[in-house]
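Structure record follows, encoded as structure tokens.
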Amino acid sequence: MDRSVSPKAADFSIALLAWFDAARRDLPWRRARTPWRTWVSEVMLQQTTVDTVAPRFEAFVERFPTPRALAEASDDAILSAWSGLGYYRRVRMLRDGARACVERHSGEIPTSYATLSELPGVGPYTAGAIASLAFDEAVPAVDGNVGRVVSRIAGLKVDPSKPAGRRAVEEEIRLLMPASSPGAFNEAMIELGALVCRPTRPRCDACPVRAFCVAVDDVPENYPLKKTRQESVAVSCVRAFVPAGDGGAWTVAIDEGGRLAGFREFPGRWLAPGESAESALRDALSVLGFSSITIGAEKARCRHTITRHRITAILHAVRAVGPPSSSPAKPSSIAELSGPGVTTETRKLVAAAAEVGP
DNA sequence: TACGCGTGGTA
DNA sequence: TTACCAAGCGT
């Protein structure tokens with residue numbers, strides 16, 4: 001590797017690593033750099049901010065200290081431990097990856113990029129991050145930060161979120177990366193993107209590698225190429241608060257396989273254009289086996305966004321005779337309705353209803 | 001390849 | 001208020 005590193009690349013690394021040594025943040029996953037802690041943190045940080053992950057990281061690795069511990073955990077346990085992090089599919093994939101370690105590697109985490117890449121939920125970035133940060137393998141790890149930093153430094157007019165753009169960025173990294181400390185190099189590039197080479201208002205005046213940067217003399221914000229975004233869609237849904245016991249209400253579990261699988265929510269459904277809330281609720285509750293349905297007043301409403309769907313959820317008070325025991329609907333206590341087993345939309349509705357009054 | 005997947009923060 | 005995300009991955 002060293003033979004391909006030019007004197008200019010060596011100067012780049014020296015400047016970058018000196019900056020990182022002084023500026024690196026004290027983050028939980030950096031305090032003990034084990035392979036498992038690295039893996040967990042990288043998955044948590046996918047599309048999720050440091051401020052969201054930091055307060056939840058230690059509790060998770062304390063509860064599941066090894067891949068084997070997570071491999072053997074129940075759905076309820078992992079979803080509860082992941083509560084508040086979003087993208088719940090990630091923790092199921094992490095568990096699948098942990099199970100693969102148990103089944104194929106005696107519970108150990110593979111040490112090479114190639115073998116890490118064969119684990120479920122481990123893509124090019126995560127494999128590169130674990131291999132380099134935990135095992136010091138000299139491989140690129142291109143996340144959103146690194147894609148932005150490298151496209152600016154090299155003046156690449158590519159979209160690093162696409163495979164072709166990512167490969168172009170990886171080629172540049174191979175020219176720059178020092179054989180002596182690839183892990184520190186990758187982590188420093190990520191940190192540079194987060195603290196200095198930001199998406200908007202980059203702090204080029206404080207950049208340790210501005211002497212090597214093409215975009216600093218251009219318009220840095222023009223790099224990298226932006227991905228085209230889907231238009232967001234406004235949708236409404238109606239839900240029923242059918243009392244069940246002391247402050248509680250009937251809920252249904254979301255089907256396995258769909259989004260938010262495993263969480264509970266108030267019964268209801270999307271509102272078709274022009275459809276009345278009353279007929280939609282009557283329909284949804286009948287399907288679940290409720291009878292003698294009386295739709296009451298609006299009890300609460302909330303706004304909630306899931307990816308590109310802007311949802312307005314409206315909760316109605318409803319009186320009805322409970323369904324037979326064969327129904328998927330079950331009673332939930334008031335405590336459960338504001339706990340980690342329900343969707344965020346449900347917690348918002350419960351909170352909004354509490355503000356109005358019981 | 002384009003899309004779906006959750007959440008909380010910022011402009 | 002809405003737009004745009006923030007350390008991606010699987011399908």
Side-chain angles (χ1 to χ4, degrees), chain A residues 24-25 27-30 37-57 79 82-97 116-134 140-150 159-166 169 183 186-195 197-201 221 224 226-235 254 257-263 265 302-313 340 342-348:
Chain A
R24 70 199 300 268
R25 289 169 292 176
L27 299 172
W29 44 93
R30 289 177 175 167
R37 288 168 63 88
T38 302
W39 187 1
V40 170
S41 67
E42 292 303 337
V43 173
M44 284 186 173
L45 287 161
Q46 289 170 8
Q47 305 294 287
T48 306
T49 58
V50 166
D51 287 343
T52 300
V53 172
R56 297 175 167 89
F57 173 77
L79 290 175
W82 203 260
S83 177
L85 288 167
Y87 280 137
Y88 297 92
R89 190 178 58 175
R90 292 181 298 171
V91 73
R92 298 180 203 274
M93 296 299 294
L94 181 62
R95 181 180 57 183
D96 290 347
L116 284 161
S117 297
E118 295 170 0
L119 298 172
V122 177
Y125 167 71
T126 307
I130 300 171
S132 63
L133 301 187
V142 181
D143 69 344
N145 287 308
V146 175
R148 183 173 61 255
V149 170
V150 172
D159 179 353
S161 71
K162 294 178 177 176
R166 196 195 71 238
V169 168
N186 280 343
E187 195 167 17
M189 291 286 274
I190 295 166
E191 193 77 335
L192 187 69
L195 298 181
C197 198
R198 306 178 297 196
T200 59
R201 296 182 301 119
E221 285 95 329
K226 294 178 181 23
K227 62 190 101 177
T228 57
R229 285 193 174 278
Q230 284 292 110
E231 221 171 299
S232 66
V233 185
V235 293
I254 298 177
R259 66 182 177 83
L260 292 174
F263 289 89
E265 62 186 3
C302 74
R303 298 187 58 78
H304 183 56
T305 302
I306 297 179
T307 61
R308 47 187 269 263
H309 299 280
R310 300 192 311 276
I311 304 163
T312 301
V342 301
T343 64
T344 299
E345 180 202 292
T346 303
R347 281 198 299 277
K348 286 185 182 178

By nearest atom, which of the nucleotides [options] is closest to the [X] side chain?
| X | options | value |
| --- | --- | --- |
| Thr52(A) | dG8(B), dC5(B), dT1(B) | dG8(B) |
| Tyr125(A) | dA6(C), dC9(C), dG6(B) | dC9(C) |
| Met93(A) | dG4(B), dA6(C), dG10(C) | dG10(C) |

Just checking [X]: base, sugar-phosphate only, or nothing, at a heavy-atom cut-off of under 4.0 Å?
| X | answer |
| --- | --- |
| Val50(A) | base |
| Trp29(A) | base |
| Leu27(A) | base |
| Met44(A) | nothing |
| Arg166(A) | nothing |

Side-chain N or O of [X] closer than 4.0 Å to phosphate OP1/OP2 of [N]:
| X | N | value |
| --- | --- | --- |
| Tyr88(A) | dT7(B) | yes |
| His304(A) | dG6(B) | no |
| Ser161(A) | dG8(C) | no |

Whole-Å P distance, dC9(C) and dG8(B): 23 Å
Atom P, compared across dC4(C) and dC3(B): separation rounded to whole Å: 16 Å
Closest-nucleotide 5' rank along DNA chain B - winner of Arg201(A) and Lys162(A): Lys162(A)
Position toward the 5' end of DNA chain B (nearest nucleotide), Leu85(A) or Ala164(A): Ala164(A)
In whole angstroms, how far is the [atom2] atom of [N] from the [atom1] atom of [X]?
| X | N | atom1 | atom2 | answer |
| --- | --- | --- | --- | --- |
| Ile311(A) | dG6(B) | CD1 | C1' | 10 Å |
| Tyr87(A) | dG10(C) | OH | P | 14 Å |
| Arg90(A) | dT7(B) | CZ | C1' | 9 Å |
| Asp51(A) | dC5(C) | CG | C1' | 14 Å |
| His309(A) | dG4(B) | NE2 | P | 6 Å |
| Arg89(A) | dT7(B) | CZ | P | 14 Å |
| Gln46(A) | dG6(B) | CD | P | 13 Å |
| Leu94(A) | dC5(B) | CG | P | 21 Å |

Trp82(A) (side chain) donor-acceptor with Gly86(A) (main chain) under 3.5 angstrom: yes
Spatial distance of atom CZ (Phe263(A)) from atom OH (Tyr88(A)) [nearest 0.5 Å]: 4.5 Å
Name all residues meeting the side-chain hydrogen bond (donor to acceptor under 3.5 Å, both in side chains) criterion together with [X]; count only those two or more places apart in sequence or in a different chain, and write none if there are none.
| X | answer |
| --- | --- |
| Arg166(A) | Glu170(A) |
| Thr312(A) | Arg303(A) |
| Arg95(A) | Asp75(A) |
| Glu187(A) | Arg30(A), Arg33(A) |

Detail all sub-3.5 Å separations between protein N/O atoms and N/O atoms belonging to nucleotides 1-3 of chain C.
residue	atom	partner	partner atom	Å
dT2(C)	OP2	Arg303(A)	NH2	3.4
dA3(C)	OP2	Ser232(A)	OG	3.4

Those residues that, when tested against Phe57(A), pass ring pair (Phe, Tyr, Trp, His ring centres under 6.0 Å) (two or more places apart): Trp29(A)
Test item: side-chain donor near acceptor, Tyr125(A) and Gln46(A), under 3.5 Å: no
